[in-house]
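Below is one structure; the comments refer to it alone.
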Amino acid sequence: MTQTQKNMFSPKGLTKKVALAIVVPLVLLAGLEIVLRLADYGYPTRFLIPQDVGGQTRYVDNQFFGYRVFPEKMTRLPAPILLTKAKPENTVRIVVLGESAAMGEPLPEFGLPRQLQVLLSKREPEKSFEVINAAMTAINSHVIREIAQDVAELDPDYFVLMIGNNEVVGPFGPGTILNSFTENSAVIRLRLLLSRLRLTQLLRNVLPFSRTADTEDERWAGMEMFLDRQIARDDPAMPRVYERFAHNLKSIIGTAEKSGAEVVLCTIPVNLYDLPPLASLSDAGLSEAESTQWKKLFLEGIASQSVKLYAEAIGLFVTAAGIDPGYAELQYRLGQCMQAIGDHEVAEQYFHRACDLDSLRFRADSKINRIIRDTAASEEVTLVDAARLLVPYKNVATREEQFLDHVHLSFGGNYELSKLIADRVVATKGEEIVSLDQLSEELLFTPWNTLELVDAMLSRRSRPPFTNVPGNREQLQMLESVRKTGVQMVDKLNPEEMIAKHDKAIASYPDDWYYPLQIGRILIDLGHPAPAGPYLTSALEMLPHRYDVRGDVARVEALLGRPESGLSTVLGDGRHGHFAAEILHKCATSLGAKGKQSEAFLFLEKAVELSGHDATMTLELAGRYAAAKRPEDAERLFLSVIDRSPDMALAAEEYGIFLALQDRWSESDALFAKTIAAHPDRPETRLKYAIALFQHGDIEKSRDTLRALVEDHPSFTPAQYYLERIASRIDAKR
């Protein structure tokens with residue numbers, strides 16, 4: 001062996017070889033990352049990004065931030081943000097972190113951050129308050145850690161943290177659909193670190209199998225997407241969820257304190273009393289006899305409760321709980337009965353237990369809130385115990401006005417929460433300077449916004465899991481009644497008065513994007529696109545990165561006969577991910593509703609193209625072709641979707657209805673029979689079969705199909721709705 005060979009195999013030589021084997025690839029990868037960034041490949045990954053706005057560099061929300069943890073078509077948008085990186089003089093800068101409830105869903109422009117800013121500004125007018133809405137729908141503490149690191153660079157004075165609703169269903173949780181559940185916390189941190197790289201984006205594009213859930217027909221469809229991801233309270237993954245939440249919470253607090261900010265930590269208020277559990281799981285270990293006995297007792301208890309025999313119902317429910325105490329709805333009904341007989345303290349215990357047992361874990365449970373309280377004490381940060389202070393249990397009239405659904409607060413609920421937080425931020429306390437009515441006037445909360453809110457709730461409550469919970473039908477009826485009143489109020493709006501109010505607000509707050517954006521949208525809906533144009537253009541000048549605002553300008557252009565200009569506005573600089581397709585789709589829907597069919601076709605066809613022939617958009621385009629008497633084009637698109645996604649029930653359902661309308665009943669009937677057999681637990685298929693039967697003229701069979709569907713799925717409210725309509729049609733004929 002030569003001396004050179006001896007040197008190569010010496011410890012020093014081996015160390016050098018190993019070092020080279022590690023360092024060289026790292027240098028090459030770092031070089032490639034630099035090249036990708038210089039070439040502006042892919043999408044930015046920080047939560048806030050610099051943007052030229054009116055010749056000045058501002059920091060704005062990154063609409064592509066969610067790509068780091070969501071499949072592209074499911075990515076949720078942050079709220080609009082527009083600010084300077086350097087904090088203005090005499091300004092108190094506050095960052096709100098959390099999920100959709102903290103963000104202010106379904107109308108973030110009236111949520112906690114915006115209301116808090118108004119309350120603080122009125123309490124201490126000698127200061128300027130800047131509240132940054134850095135919360136985001138569907139994320140959890142793993143992702144919020146990343147956001148906290150980015151916004152900490154803004155020199156904030158306060159971090160307001162309201163985190164905890166999505167620890168199970170959010171990214172990396174055991175109940176998520178957004179990516180795979182990850183047991184190891186170190187792996188999660190590594191994945192989030194790698195998601196900051198453009199190189200990671202390149203690999204995802206080159207290796208499409210590396211995507212976890214980005215199929216062509218998968219898009220955000222709300223909470224119903226999680227129906228098959230139920231997690232029991234005693235699931236082995238739950239202790240790990242709590243452990244990681246506590247660790248992340250401390251990390252976020254550490255990031256905030258390192259930036260020099262004070263921390264206000266909030267427990268999570270959830271709707272315990274007026275919303276049943278979204279799903280319940282039975283004990284899998286019950287024998288057949290025990291299961292039969294439990295079901296008998298449970299149903300008898302419901303029957304007694306329905307006729308207000310509460311003592312009898314309580315006895316039946318308690319006996320059933322002796323067999324299976326873990327069924328969430330049973331605990332909730334016990335709470336209702338105890339409440340009805342006036343035993344409020346015991347009732348509250350049952351309501352808390354029902355929430356803890358809810359197997360669709362979209363609400364923070366009692367242990368999450370206990371961790372928050374313990375963390376506030378151990379880290380010595382300010383605690384706002386909103387879960388206890390916001391909704392006094394015995395004040396029924398108050399609490400029914402606080403929540404829109406399971407966790408999202410009403411305008412009034414956000415007002416009460418904002419007051420609690422404002423008391424911890426400013427020295428001025430006591431009598432409120434701004435009343436709820438004054439706040440509504442200050443923010444220009446109009447009947448149009450009320451209608452927006454009601455429509456959002458109607459849409460949400462018309463789909464699972466809400467359609468599966470007791471009492472949902474009554475809630476839908478109430479919302480429909482409120483909507484009718486809302487429509488009447490909107491019809492009475494005076495455009496000139498609305499413009500005058502918004503012009504006054506715009507003059508007072510010239511850098512606020514919200515006021516021109518709102519009046520522009522109102523004017524479009526009221527049928528005045530021409531005056532809407534300048535307002536929306538002004539909003540777009542402040543928020544040039546926002547695809548939703550581009551879509552508003554595009555609608556105006558199309559309504560004024562310039563659809564091609566509208567398309568160009570949406571497409572912008574060409575880096576639009578899936579957002580341009582989504583916005584064009586929404587524009588098409590809006591334009592079609594306003595009778596602009598040719599413009600709607602133009603926008604929807606472009607949306608389908610940009611989306612890579614997304615299945616849902618393609619089906620909608622097929623339906624529009626059918627309605628426009630273009631059956632050949634419609635059938636071509638229906639078949640293209642079925643060919644790509646043969647197991648997609650929605651495609652088969654829509655094609656089945658199309659065939660029925662084309663008087664091809666035997667084909668339609670056979671397709672529905674096949675689809676129902678393939679998806680026996682999907683009530684939507686049977687509902688659409690009933691609709692196809694009705695269109696075919698077989699009204700009696702349509703009614704019978706709906707009756708059977710209602711019997712099998714009593715909480716599926718659309719079936720009951722159509723059954724009543726068809727029954728009234730039959731009665732009218734008689």
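Keep in mind that this is a model prediction, so the values were computed, not measured.
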Do Glu620 and Arg624 sit within salt-bridge range, that is, some charged N less than 4.0 Å from a carboxylate O? yes
Do Gln488 and Asp491 get their side chains close enough for a donor-acceptor pair, meaning under 3.5 Å? no
Examine the side chains of His545 and Asn62 and answer whether a donor and an acceptor come within less than 3.5 Å of each other. no
Rounded to the nearest 0.5 Å, how far apart are CG of Leu82 and CG of Asp511? 7.5 Å
Looking at Met136 and Ile139, what are the two nearest heavy atoms and their distance? O-CG1, 3.2 Å
N/O donor-acceptor pair under 3.5 Å between Thr84 side chain and Arg58 backbone: no
So do Val425 and Leu116 actually touch side chain to side chain, heavy atoms under 4.5 Å? no
Using a 3.5 Å distance criterion without hydrogens, assess whether the side chain of Glu72 forms a donor-acceptor pair with backbone atoms of Tyr67. no
Arg460 vs Met457 side-chain heavy atoms within contact, under 4.5 Å: yes
I need the minimum non-hydrogen distance between Ala532 and Ile524, along with the two atoms involved. CB-CG1, 3.9 Å
Can you check side-chain contact (heavy atoms from CB on, under 4.5 Å) on Glu442 and Val434, steps first, answer last? CA-CA 9 Å; Glu442 178 77 17; Val434 181; 5.8 Å; no
Side-chain donor-acceptor contact under 3.5 Å, Asn449 with Thr446: yes
Derivation and outcome, side-chain contact (heavy atoms from CB on, under 4.5 Å), residues Ile421 and Leu112: CA-CA 10 Å; Ile421 295 172; Leu112 164 65; 3.7 Å; yes
Are Val60 and Ile49 close enough that some pair of their side-chain heavy atoms sits under 4.5 Å apart? yes
Distance from Leu390 atom CG to Leu417 atom CG, nearest 0.5 Å? 6.0 Å
So do Phe411 and Leu453 actually touch side chain to side chain, heavy atoms under 4.5 Å? no
Short side-chain to backbone donor-acceptor contact, Arg550 and Pro544, under 3.5 Å: yes
Does a salt bridge link Arg76 with Glu105, judged by any charged N lying under 4.0 Å from a carboxylate O? no
Presence of salt bridge, Lys586 and Asp552, under 4.0 angstrom: no
To the nearest 0.5 Å, tell me how far Tyr415 OH sits from Gln438 CD. 8.0 Å
For Ile81, does its backbone N or O pair with a side-chain atom of Asp61 as donor and acceptor, under 3.5 Å? yes
Could you grab the distance from atom OG1 of Thr569 to atom OH of Tyr547, nearest 0.5 Å is fine? 12.0 Å
Within the structure provided, determine whether Phe362 and Val270 are in side-chain contact (heavy-atom separation under 4.5 Å). no
All heavy atoms of Ala505 vs all of Tyr515, minimum pair found to be CB-CD2, 3.5 Å
Passes side chain to side chain donor-acceptor pair (under 3.5 Å), Ser100 versus His408? Steps please. CA-CA 7 Å; Ser100 58; His408 299 108; 2.7 Å; yes
Polar side-chain atom of Gln117 near backbone of Val131 as donor-acceptor pair, under 3.5 Å: yes
For Val169 and Thr176, the nearest pair of non-hydrogen atoms, with its separation, is O-OG1, 3.2 Å
Taking the side chain as everything from C-beta on, heavy atoms only, tell me whether Glu167 gets closer than 4.5 Å to Ser141. yes
Can you measure from CD (Gln720) to CG (Leu687) and round to the nearest 0.5 angstrom? 12.0 Å
Hey, what do you get for CG (Leu161) to OG1 (Thr267), rounding to the nearest 0.5 Å? 12.0 Å
Do the non-hydrogen side-chain atoms of Arg682 and Glu653 ever get within less than 4.5 Å of each other? yes
When you measure from the centre of the six-membered ring of Phe226, is the NZ or CZ of Arg463 under 6.0 Å away and within 45° of the axis? no
Can you check side-chain contact (heavy atoms from CB on, under 4.5 Å) on Phe403 and His406, steps first, answer last? CA-CA 7 Å; Phe403 288 97; His406 57 304; over 6 Å; no
Just by distance, do the side chain of Tyr332 and the backbone of Tyr273 share a donor-acceptor pair under 3.5 Å? yes
Can you tell me if CD on Gln597 sees more than 12 non-hydrogen neighbours from other groups inside 6.0 Å? yes
State which residue, out of Asp358, Ile368, Ile268, fulfils the side chain to side chain contact (heavy atoms under 4.5 Å, CB included) condition with Arg363. Asp358
Before accepting this row, confirm whether a basic side-chain N of the pair Lys73/Glu582 lies closer than 4.0 Å to the acidic partner's carboxylate O. no
Check: Gln115 and Leu436 side chains under 4.5 Å, non-hydrogen atoms: no
Would Asn271 and Asp405 count as a side-chain contact (heavy atoms from CB on, under 4.5 Å) here? Give the steps. CA-CA 7 Å; Asn271 191 352; Asp405 51 25; over 6 Å; no
Should the ring pair Phe110 and Phe445 be called parallel, tilted or perpendicular, given that the plane angle runs from 0 to 90° and is split at 30 and 60? perpendicular
Ring centroids only, cut at 6.0 angstrom: are Phe579 and Phe64 within range, meaning strictly under it? yes
Residues Lys606, Glu609: salt bridge by 4.0 Å N-O rule: yes
Minimal heavy-atom distance between Gln63 and Arg546, with the atoms involved, is NE2-CA, 3.4 Å
Taking all atoms of both residues into account, what is the closest heavy-atom pair of Val556 and Gly533, and its distance? CG1-CA, 3.9 Å
Under 3.5 Å, side chain of Ser590 to main-chain N/O of Cys587, donor-acceptor pair present? no
Quick one: does any side-chain atom of Ser611 pair with a main-chain N or O of Val608 as donor and acceptor, under 3.5 Å? yes
Heavy atoms from other residues, nucleotides or ligands near CE of Met489 exceed 12 (cutoff 6.0 Å): no
Counting N and O atoms only, with roles assigned by atom type, does the side chain of Arg93 sit under 3.5 Å from a partner on the main chain of Glu130, one being a donor and the other an acceptor? no
Any donor-acceptor pair under 3.5 Å from Thr589 side chain to His585 backbone: yes
